[in-house]
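Right, one structure below, let's go through it.
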Amino acid sequence: MKFSVLTLFPEMLDALSESIIGRAIGKGIIETEYVNIRDYSTDKHRRVDDYPYGAGGGMVMQPQPIYDAYKAVAGESKPHVIYMSPQGKTLTQKKARELAQKGHIVILCGHYEGVDERIIEEIVDEEISIGDYVLTGGELPAMVLIDCISRMIDGVLDSQETASVESHYDGLLEYPQYTRPPEFMGREVPEILLSGHHANIEKWRREQSILRTLKKRPELMENAALTDKEKEWLKGI
Ligand code: 4G1
């Protein structure tokens with residue numbers, strides 16, 4: 001998988017090279033390129049933004065430098081183009097899994113008041129948001145998207161990590177985790193975890209996952225993968 005990011009702040013994306021993604025880049029499973037849109041400005045002062053028609057304040061990213069940067073990374077092929085935008089559908093694990101099947105993804109990051117609408121019409125296949133809050137630019141959202149998609153690509157996670165994702169990603173929150181020491185500030189690790197009885201531990205963890213999802217994020221219960229037995233058990237609570 002190749003990710004091409006069109007941005008005014010390419011250095012921000014360098015942080016991705018740390019951790020899991022850095023390892024995948026090293027292995028050659030993932031390729032990244034960060035293209036500075038400003039390098040494609042034809043303006044003598046390298047400007048990439050201008051005042052919005054109709055006034056209203058703020059600045060808008062001009063279409064020409066973005067289009068030329070896109071042409072430079074697209075080459076002859078037709079990559080999948082995503083605009084990180086508050087107007088997009090919120091990113092989900094399902095969407096990340098789907099995008100992990102693409103071969104080349106181009107990600108456009110906005111700044112100021114966003115991009116000229118015509119660039120969205122001309123090159124963008126879909127808009128994706130990472131959530132409903134105000135940010136300065138699309139770079140942090142692009143990094144979130146790349147991290148999330150990369151973890152779904154074959155060979156990025158080792159078999160243990162993949163098993164852990166698969167067993168945990170059933171739409172439920174994770175069960176509580178504990179490590180040493182057995183007592184901290186007078187708080188003890190639940191006895192069952194020290195029992196060594198694996199079947200009981202699995203059952204307890206599953207119950208904890210369901211109960212804390214119900215308590216902390218009840219809206220997730222709609223799409224959670226529960227067995228008929230678990231649904232019956234829940235009715236009793
Ligand atoms: C109106 C948040 C504006 C922000 C309403 C999540 C946010 C890109 C994202 C904004 C951005 C809301 C994202 C806002 C983002 C142009 C440049 C858009 C930065 C910009 C809820 C500013 N996921 N925000 N506008 O933050 O790009 O992807």
Side-chain angles (χ1 to χ4, degrees), residues 1-21 30 32-41 43 45-70 73-74 79-102 104-153 169 217 219-220 223:
M1 165 75 84
K2 181 174 178 182
F3 294 104
S4 303
V5 182
L6 312 182
T7 167
L8 290 175
F9 298 95
E11 335 63 67
M12 280 187 75
L13 280 295
D14 288 337
L16 270 177
S17 308
E18 306 293 325
S19 95
I20 272 178
I21 308 314
I30 288 172
T32 55
E33 66 176 345
Y34 311 133
V35 176
N36 193 340
I37 294 166
R38 199 175 294 283
D39 290 344
Y40 292 86
S41 171
D43 178 80
H45 303 294
R46 305 229 305 155
R47 274 186 67 170
V48 291
D49 61 328
D50 208 335
Y51 300 98
Y53 277 117
M59 300 299 272
V60 175
M61 288 172 73
Q62 296 173 289
Q64 173 271 316
I66 298 172
Y67 188 75
D68 292 352
Y70 163 72
V73 302
H80 188 69
V81 182
I82 298 170
Y83 176 40
M84 301 314 301
S85 159
Q87 294 166 40
K89 290 261 164 59
T90 308
L91 178 63
T92 60
Q93 197 62 39
K94 178 165 172 260
K95 173 55 78 173
R97 217 177 286 124
E98 178 189 314
L99 290 171
Q101 306 310 313
K102 305 274 183 196
H104 184 191
I105 295 179
V106 175
I107 304 174
L108 172 61
C109 303
H111 259 267
Y112 319 115
E113 306 308 309
V115 301
D116 187 300
E117 189 67 21
R118 294 166 295 182
I119 204 70
I120 302 175
E121 294 168 2
E122 187 65 26
I123 70 167
V124 172
D125 295 308
E126 68 176 323
E127 298 179 75
I128 295 178
S129 170
I130 62 159
D132 297 333
Y133 31 76
V134 178
L135 293 174
T136 310
E139 284 76 14
L140 291 170
M143 291 165 73
V144 168
L145 180 64
I146 292 170
D147 184 276
C148 188
I149 294 174
S150 297
R151 298 170 52 84
M152 295 293 104
I153 296 170
Y169 203 79
R217 298 289 307 280
E219 76 280 12
L220 295 183
N223 296 310

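FYI, side chains are in, hydrogens and waters are out, and symmetry mates aren't considered; it's all heavy atoms of this structure. Order of appearance sets the numbers: ligands from 1, and atoms from 1 within every ligand. All values derive from a computational prediction rather than experimental measurement.
Listed by atom number, the atoms of ligand 1 under 4.0 Å from Ile128 heavy atoms are 28 (O). Atom numbering of ligand 1 starts at 1 in the shown order; those under 4.0 Å from a heavy atom of Tyr112 are 16 (C), 17 (C). Every atom of ligand 1 with a heavy atom of Gly131 under 4.0 Å away is listed here by number and element: 2 (C), 6 (C). Within the listing of ligand 1, atoms 17 (C) sit less than 4.0 angstrom from a heavy atom of Gly110. Listed by number with element, the atoms of ligand 1 under 4.0 angstrom from any heavy atom of Gly114 are 16 (C).
Ring pair Phe9/His111: centre-to-centre distance below 6.0 Å.
When Pro86, Pro141, Cys109 are ranked by how near their heavy atoms come to atom 14 (C) of ligand 1, first place goes to Pro86. When the options Gly137, Ser85, Gly138, Gly88 are ranked by their closest heavy atom to atom 28 (O) of ligand 1, first place goes to Ser85. In this structure, of Val144, Asp132, Leu135, Leu145, the residue bringing a heavy atom nearest to atom 20 (C) of ligand 1 is Leu135.
Taking each heavy atom of Ile66 and Leu6 in turn, the nearest pair found is O-CD1, 4.2 Å.
For the pair Val134 and ligand 1, the shortest N or O to N or O distance does not fall below 3.5 Å.
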Determine, step by step, whether Ile82 and Glu127 satisfy the side chain to side chain contact (heavy atoms under 4.5 Å, CB included) criterion, reporting the C-alpha distance in whole Å, the side-chain angles of both residues, the deciding distance to 0.1 Å, and the verdict.
CA-CA 6 Å; Ile82 298 170; Glu127 298 179 75; over 6 Å; no
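Contact annotation: the side chain of Leu13 approaches that of Met143 to within less than 4.5 Å [non-hydrogen atoms, C-beta and beyond]. Using a 4.5 Å heavy-atom cutoff, the side chains of Met61 and Ile37 are in contact. Counting only heavy atoms from C-beta outward, the side chains of Tyr34 and Ser4 never approach each other to under 4.5 Å. Considering only heavy atoms from C-beta on, Arg38 stays 4.5 Å or farther from Thr7 through its side chain.
At the shortest separation from atom 2 (C) of ligand 1 among protein heavy atoms lies Tyr133 O, 3.1 Å. In terms of protein heavy atoms, atom 23 (N) of ligand 1 is closest to Ile130 N, 3.0 Å.
To the nearest 0.5 Å, atoms OG1 (Thr32) and CD1 (Ile21) are separated by 9.5 Å.
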